[in-house]
Amino acid sequence: KSPAADRLRNKMKAIAALLLMLNYLSVSHGCTCMEGPQQFPAVQIDAGQGNVVMTDRNNYAYFLIGSQWYKMDSLTLQHVSVGPAGIWGVALEDGVYKYVAGSFVYANDHTLEQVDAGGDGQVVGVTHTSTIHCLKSTIASDYREQSTVSWTTLPGLLTYVSCSSKYGCWGVNSAQNIYFTKVTPSTCGISGWIQVDGLAVMVEIGTDGSVFVVNRGGEVFQRQGIDSSTPQGTSWTKIPMPSRINHVSYDRGNLWVVTDYGIILKCLC
């Protein structure tokens, strides 16, 4: 038996098992899931403004066109994000990059582990020591060629952060606590982190302000009661999934999901 044949066999078993479990999901739960376009095994996915990007286990970044994933560059990335500020990625060997005219352009050697381009033109990210950093919208959105950019360090410590152009930014820390703040994109000034009930290892906010989290057990929850007067929302609703979930991203009514098998689901929510 060759390693390639074993990998293919394992992939087919995982997909078959997952498709059987998809029958368990129903519209009454709030989301209907189906198998999405595959680039197996997927690790992380991000959606924004109708675009979807992802990284696989080999740390390559892909862009979704129709139902096909297209490799974006030979640069290896540990995280990629798409939004109003464009497509930004964190290199496996450190360094922040922006995707410009068909290739990733070096921005600086900031040691981010995760980056988010979903805000109102600004880019945010966290380091391996949980420090939080923001690149002003006036810099991030117009960045086109290699140069050194200056990031603003935000107060607090987070392991994951996500922003929306509508209501603000959400984050989680190493203790799995969840936080929310409003942000001024042009200055990276924030209103102050407010702790929100619940525990999670990652959080994603869509362009319309919808918020989803994944907890340590691989369960997915959606925040309810979010509006302009209560941007932090009021409660959580569990979204049943057919498998443990590693990563989610929400855009234009679609929840993109990566299971612990590395399979991509597309859920209508």
Please tell me whether [X] and [Y] have a donor and an acceptor in their side chains that are separated by less than 3.5 angstrom.
{"X": "Gln44", "Y": "Thr55", "result": "yes"}
{"X": "Tyr99", "Y": "Asp73", "result": "no"}
{"X": "Asp260", "Y": "Ser243", "result": "yes"}

Query raised in the report: If you look only at pairs with a residue in residues 161-208, which of them pass as a ring pair (Phe, Tyr, Trp, His ring centres under 6.0 Å), with sequence neighbours excluded?
Result: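 Residue pairs with at least one partner in residues 161-208: Trp170-Phe180.
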
Query - Residues that Glu113 engages under salt bridge (Lys or Arg N to Asp or Glu O under 4.0 Å), provided they are two or more places apart - result: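 Here no residue qualifies.
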
Query raised in the report: So if you build clusters from Ile, Leu, Val, Met, Phe, Trp, Tyr with side-chain heavy-atom gaps below 4.5 Å, do Leu255 and Ile205 land together?
Result: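 Yes, one cluster joins them.
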
Requested in this report: Check whether Ile178 and Val248 end up in the same hydrophobic cluster, where Ile, Leu, Val, Met, Phe, Trp and Tyr are linked by side-chain heavy atoms less than 4.5 Å apart.
Outcome: yes

**Report entry** Pairwise side chain to side chain donor-acceptor pair (under 3.5 Å) hits with a residue in residues 201-216, at least two apart
**Finding:**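 Those involving residues 201-216 are Tyr160-Glu204, Ser162-Glu204, Asp208-Ser210, Asn215-Glu219.
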
**Report entry** disulfide bond (SG atoms under 2.5 Å apart) partners of residues 65-105, not counting sequence neighbours, each pair once
**Finding:** none

Query raised in the report: Do the side-chain sulfurs (SG) of Cys134 and Cys188 come closer than 2.5 Å?
Result: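 Cys134 pairs with Cys188 as a disulfide (SG atoms under 2.5 Å apart), so yes.
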
Query raised in the report: Which ILVMFWY residues can you reach from Leu92 by hopping between side chains whose heavy atoms are under 4.5 Å apart?
Result: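 When side chains under 4.5 Å apart are linked, Leu92 ends up in no cluster with other residues.
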
Query raised in the report: Is NZ or CZ of Lys98 both nearer than 6.0 Å to the six-membered ring centre of Tyr143 and within 45° of the ring axis?
Result: no

Query raised in the report: Going by the salt bridge (Lys or Arg N to Asp or Glu O under 4.0 Å) test, which pairs reach into residues 159-188, not counting sequence neighbours?
Result: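 Listed once each, the pairs would be none.
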
